[in-house]
Structures are given as C-alpha cells and as structure tokens.
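So the structure is just underneath, and the comments pick up after that.
We name chains A, B, ... by the order of the sequence lines, and we start the count at 1 in each one. The model shown is predicted, which means the values in this text are computed figures rather than measured ones.
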Amino acid sequence: METTRKRPRPYKQPTLMTRQFEFITGSDNLTSALKQMLEFINDNLVANVPAINLLFKSKIILTELLTNALKHSFSRYTLVDIAVEDNSIVITKTDHGMPLSLISYANSSENRIPITHDILHTLYAIPEGKDTIRFGCEESTMGDLDAVEKIVEHFGLIIITKAADKFVYHYNVQTKANKFTVTLNF
Amino acid sequence: MIKILKDTPGHLLIEIEISEANLDNSDLFKTQVTELLDRHKKNIVIDFNRVEYIDSSFLGSLVAILKHAMAQKLDVILTAMRPDVYELLLLIRLDKVFKIYGDYQEAASAI
C-alpha cells in the first residue's frame, strides 16, 4: 500500500507591522492624527485585500476612538497601537484613569447585558472574563416611527461595534489602564 | 456653519459650510438648525455636499434636530451626501428615520 507523507510546510514568517501613536488629548489635531494612522494602515496592507473598505472602516473606528478620547479621557495622553497583519488590522486605544461604568458587567453571570436599546439597535455588553467585556449589537425590528424620540443620540460605540469584527474593552486594575481593542479581519 | 440657500413656502434649503462635521461643531449646528425650525416653522432640507466626514457627535445632533422637528410636525431631509458619509448613515441605520435624496431637485420634487 502506498502511503503518503505530508511534506512539512515551509515556515512563513507572518507579516506584522506595528506602530504606536501618541495622541495628546486636548491639543493634538484629530484630523492630522487620523491622517497619519490611516497612512500607516494603507502603507502596510498586503496586496489583494479590500483596501477601500478596510480604510473606510479603519477611518470611522479611529475617528470614534479619538473623539471618545477627547470627550471622556481624563489622562493627558492616549496611546493608539496599530498592528497590520496578514489577515487582520488590530487597533488598540489605551488611556489611564477611572474605568467605564460598563466594566461592572464583566463579572455578570448573564450571557449578555443590554446597554442601550431603541428602534434601530440594541447594544450589548458580553462578559469575557476578568474586567473584560466585548461589545455586541443587534439591529432592532423597526417599530412605530413615533419612537424616533427615543433614539439614543450616542452612536460612538455602535459605530465601532458594527464596523469591527471584534470590539473589546478591558480595565487593568493595577495599572488603571483602559484598553479598547478593535479587530478588523480580512 | 450653515447658510440658507433657499426659502420656499414649504421648506428651507440650508447648506453645511464645513468639511469636517465633528465634535467641534456639532453643538453649534444643533443650536442653529433648531433655531431655524422654531423661527420659520418649515421643513428643512440639509445639503451635505461640502461635508467630507462626519462623526458620532454630529450624527447625534442630527437626530436631536429630527426629534425637535417631529415634535412640531416638521421634517428634516438630507441631500447630496458623499459616499463615505452616506455609508456611515447606512451602517447605523439612520436611513430608516431620515429621508435621504441624491440632490436638492430630487428632494424638492418628493416633499
């Protein structure tokens, strides 16, 4: 009987380009910071990926992360780490200060906890282990348009959750670091 | 921030005069448009042709303006959006609550 032996695959070094950007809250120009970050992503995307779509998603995600830093951060610096890999882009925003109140959901025994709900979406916190939640979003069934008055006017988390393949928030109690990690797969 | 381009018996056409619709100008935009609604008591058509990007703060203001209009039985209609801006509105389903048209002519004939 003829047997076949699997030939070992030649080891292929994964492509991984990373860069850290320092965003000085309150003084840096958001537009110029955003431009630099998008240029880094564009320059390091491998060939044959849907670049226009990935750059659009990266742009709206970074815009919301940086806007969130301007609105809510109590620390002077916000760090944005971007890793462009063979099949994903991982964006991590880190600042230091008090945790989001949402972190109380991390230790819930429920599978998911609604954060906001209106006629457009329900946004969920999904417990992912110690001091970590993942965001999830479901589209609502459109009901009475009179309910427009109840639409939640805060779209930042929903934009990131819907644009991303994975969006996770982690609070490190020791370092007091708030870490938002957004993954785009391709 | 905004400029009135046309004042008809049924509606006002206004243009947003900025390219970056974001946290820096969202509150002012909301104040100016709600004042127009209160003063003119007409539907408002908003021309977005100059807006290159929009963030969640500005989208929040747009929804607040729509709520203000609907409370007065008025409407807010959006026109001339660039593809990226339109894509973002689609992503968060605001096309379900706003009437959106490609240009003013299309909007004017529909309202």
Quiz item: How many angstroms lie between atom CG of B:Leu94 and atom CG of A:Leu120, to the nearest 0.5 angstrom?
Solution: 6.5 Å
Quiz item: Looking at B:Asp24, B:Leu23, B:Asn22, which hits side-chain contact (heavy atoms from CB on, under 4.5 Å) with A:Thr67?
Solution: B:Leu23
Practice problem: State the NE2-CZ distance between A:His121 and B:Arg93, to the nearest 0.5 angstrom. | Solution: 5.5 Å
Quiz item: Are more than 12 heavy atoms from other residues, nucleotides or ligands located less than 6.0 Å from atom CG of B:Asp38?
Solution: yes
Practice problem: Check whether A:Leu157 and A:Ile103 end up in the same hydrophobic cluster, where Ile, Leu, Val, Met, Phe, Trp and Tyr are linked by side-chain heavy atoms less than 4.5 Å apart. | Solution: yes
Quiz prompt | Spacing of CZ belonging to A:Phe155 relative to CD1 belonging to B:Ile92, to within rounding of 0.5 Å | solution = 4.5 Å
Quiz item: Checking A:Ile60 against chain B: side chain, backbone, both or neither under 4.5 Å from a heavy atom?
Solution: side chain
Quiz item: If you round to the nearest 0.5 Å, how far is CD of B:Glu20 from CG of A:Leu30?
Solution: 8.5 Å
Quiz item: Going only through I, L, V, M, F, W and Y residues with side-chain contacts under 4.5 Å, is there a path from B:Ile14 to B:Tyr101?
Solution: no
Quiz item: Which distance, rounded to the nearest 0.5 Å, do you find between the CD1 of A:Ile151 and the NZ of B:Lys67?
Solution: 6.5 Å
Quiz item: Taking atom NZ of B:Lys42 as the centre, does the number of heavy atoms from other residues, nucleotides or ligands within less than 6.0 Å exceed 12?
Solution: yes
Quiz item: A:Glu64 side chain to B:Ser56 main-chain N or O, any donor-acceptor pair under 3.5 Å?
Solution: yes
Quiz item: According to a 4.5 Å side-chain heavy-atom criterion applied to Ile, Leu, Val, Met, Phe, Trp and Tyr, with indirect links allowed, do A:Ile160 and A:Ile126 form part of one hydrophobic cluster?
Solution: no
Quiz item: If you measure from CG on B:Asp55 to NZ on A:Lys59, what distance do you get to the nearest 0.5 Å?
Solution: 11.5 Å
Exercise. Search all heavy atoms of A:Phe56 against all heavy atoms of B:Asp84 and return the closest pair with its distance.
Key: CE1-O, 3.4 Å
Quiz item: Does atom CG of A:Asn111 have more than 12 heavy-atom neighbours, drawn from other residues, nucleotides or ligands, at distances under 6.0 Å?
Solution: no
Quiz item: Is there a chain of hydrophobic side chains (I, L, V, M, F, W, Y, each step under 4.5 Å between heavy atoms) that links A:Val168 to A:Leu62?
Solution: no
Quiz item: Can you hop from A:Leu102 to A:Ile113 via hydrophobic side chains spaced under 4.5 Å?
Solution: yes
Exercise. Please flag which part of B:Leu62 lies under 4.5 Å from any non-hydrogen atom of chain A: side chain, backbone, both or neither.
Key: neither
